[in-house]
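In what follows, chains are A, B, ... by sequence order, proteins preceding strands, each numbered from 1. Just so it is clear, the structure is predicted and the values come from calculations on it, not from any experiment.
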There are 2 protein chains.
Amino acid sequence: MANIQKVAKKAGVSVATVSRVLNNPDVVTLKTRTKVEQAIHELNYEPSALGRNLRTSRSRLLLVLLPSISNPFYTEIINGIEDTAIEEGYNILLCETDSNPERENIYFNMVKNRLAEGIISMDPTVNKKTLTDLAKDYPIVQCSEYDEDGTICYVSIDNELAAYHAVRHLIKLGHEKIALINSDEKFLYARERYRGFQKAMEEFELPIRPEWILNMENVKFEDGQQAMKGLLKQEVRPTAVFAVSDVLAIGALKELNINQIRVPEDIALVGFDKIVFSNMTHPTLTTISQPMYKMGSISANMLINKIKGKAVESVILEHELVIREST
Amino acid sequence: MANIQKVAKKAGVSVATVSRVLNNPDVVTLKTRTKVEQAIHELNYEPSALGRNLRTSRSRLLLVLLPSISNPFYTEIINGIEDTAIEEGYNILLCETDSNPERENIYFNMVKNRLAEGIISMDPTVNKKTLTDLAKDYPIVQCSEYDEDGTICYVSIDNELAAYHAVRHLIKLGHEKIALINSDEKFLYARERYRGFQKAMEEFELPIRPEWILNMENVKFEDGQQAMKGLLKQEVRPTAVFAVSDVLAIGALKELNINQIRVPEDIALVGFDKIVFSNMTHPTLTTISQPMYKMGSISANMLINKIKGKAVESVILEHELVIREST
DNA sequence: ATGAAAGCGCTAACAG
DNA sequence: CTGTTAGCGCTTTCAT
């Protein structure tokens, strides 16, 4: 495989000149440049990023931590991150942790040993302590899920307000018996969305029934289905359900369809995230839309600025209630 | 930042010894090893992968090319690739090409300049010529979509047979008017699945109506919905539809639901891929299941073997017809 | 404008 | 078992 030495030899110049042609072409005379370019072409030379990276001690690689790529919530965010990263000359490594600390560790080590220059964490299940410790020495930002009292910058939305809007929408539609399908409250977003639910219910003086507050361990379709199954078994049924993610809502909708319960006539349903599927269900899902692409691109910019040593500040973005057929 | 030199100095040994406790601990006496380990700990030393990579001229990075991560078809395959890769000490870089040759080129360059050691291509839109050229010099395998007369190894299924099974299933159910929602026939899998459709129809002496063969440019939900819209407009309606991907089928189902057409009573529907969402629709979707995880893990193994210089052979895996509510 | 030379951090052959 | 040393391929000062 051709290296810079061979090119230099073939072109009859020094390796420094070849390097200049590669990185700083205007400081080389047209004549020598042409010579070098021809040698490069003839030898089919490709500069090794390995050598360059060691020399410059940069890898131009960013890590994106997420529990699982199968969650459609992340896809638009990733697109935003990716476009911005590529624009800035970085590549991203999608890191599925599967909520597994060991996996997590592999990726943390990649930044410790310089294989990657920084981390965008979107993983609610990440070990906050480890992440905070790592953030002292390496550039890290958080996207969507963040650490409440942490020192790590983030970009997110106002989850409490968004949930409040969703529930208020149901209340204004005349619903009084409203259930909540939430995820595990060990996650900040789950706690915040619960607070939004609570706030709306209290504001309109509606009772919160503990048996209608469901906390699911995971956020897969089956969990939503399971949750709805639980709700339907109860003596008194709610007339409306707010699920904190579209995936949960779609699972719940499945169970409603199976039982021939009409949506929204018998039970109204609101989701969260506006994933692509949410428009393919029957009926289509009312949901909260987050500016996912923007969240991605902002977090990528934040991280790159941090890498460059610039100061960065956390950002809260706007959400939007998207009213469709399920309410 | 601590490097191997500082550790050696602190421990009072040579850099070689430090390197040994890192890579080959058993050849070092317990006593010196302990000394070195303590120095490593005290200095909070992390070996630089940059230096190691240059020295060993390996990056332990594999590229996975796919048009878009938002297509749920890829998620299980990626899991298979990832698990196998990590097991073998490799990491994977998910590369979205967006069917954009420029993007594609970025990733091809990463392997040319040694940042990555090989490529698993799952991208039907990839430039076959470029890929074949690259495969002469670098380890490359194909997963799912492959090049018919190419020299590049692949793992896939028998698309023609799978499509044949899907259509035969509809025929055995008594259907005679069967439509096909296909993707663009520039893709091999589309041509193969068409052939399977054709074979089944001919075997049972059923006519193939050109107006019931739809070739969609993309394979998003909207394309399936669009296709079904087209079918419903026609004078004579089919009683069954085979869509070559679940995503298309789900879009088609959406349009059927909108028009209150009963599935499977009025129109039966078969998809392809068995994506997670295909079990959440109402009715659930009959589909062809591919061993996606296995495809992923086999292709990763193939690539790693190729990198190691071993000979590898293409593999065709089994598929399965999964009969659910839509037929 | 170009070249010589140092060195990024590591591994591995060789010597002892 | 451990140390010395060369060098992976590149960029970048410092001279010229």
How about B:K35: does its NZ atom have over 12 heavy atoms from other parts shown lying under 6.0 Å from it? yes
Bend angle of the helix from C:dA1-D:dT16 to C:dG16-D:dC1 from five-pair axes at both ends, rounded to 10°? 40°
So, with a heavy-atom separation below 4.0 Å from DNA chain D, the residues of residues 28-40 of chain B are B:V28, B:T29, B:T32
Check: A:Y293/A:D83 side-chain N/O donor and acceptor closer than 3.5 Å: yes
Side-chain donor-acceptor pair present, A:D123, A:S121, cut-off under 3.5 Å: no
When you measure from the side chain of A:E145 to the backbone N and O of A:L188, does any donor-acceptor pair fall under 3.5 Å? yes
Going by atom types only, do B:T125 and B:S99 share a side-chain donor-acceptor pair under 3.5 Å? yes
Under 4.0 Å protein heavy-atom contact, by nucleotide of nucleotides 8-16 of chain C - B base, S sugar-phosphate only: BBBBBB---
Set of side-chain hydrogen bond (donor to acceptor under 3.5 Å, both in side chains) partners for B:S156, sequence neighbours left out: none
Check whether the side chains of A:E104 and A:N127 place a donor and an acceptor atom closer than 3.5 Å, and report yes or no. no
If the condition is side-chain contact (heavy atoms from CB on, under 4.5 Å), which residues does B:T34 pass it with, not counting sequence neighbours? B:L30
Would you call B:D147-B:K128 a salt bridge at under 4.0 Å N-O? no
Give a yes or no on whether a salt bridge exists between A:R103 and A:E96, defined as a side-chain N under 4.0 angstrom from a carboxylate O. no
So the contacted stretch of DNA chain D, first to last nucleotide with an atom under 4.0 Å from a non-hydrogen atom of chain A, runs from D:dG9 to D:dT13
Under the criterion salt bridge (charged side-chain N to carboxylate O under 4.0 Å, His left out), I'd like the reasoning laid out for A:E88 against A:K308: C-alpha separation, chi angles, the key distance, then a yes or no. CA-CA 12 Å; A:E88 299 278 337; A:K308 288 181 182 161; 3.5 Å; yes
Would A:Q290 and A:F73 satisfy side chain to side chain contact (heavy atoms under 4.5 Å, CB included), going step by step from the backbone distance to the final call? CA-CA 10 Å; A:Q290 302 190 43; A:F73 167 62; 3.6 Å; yes
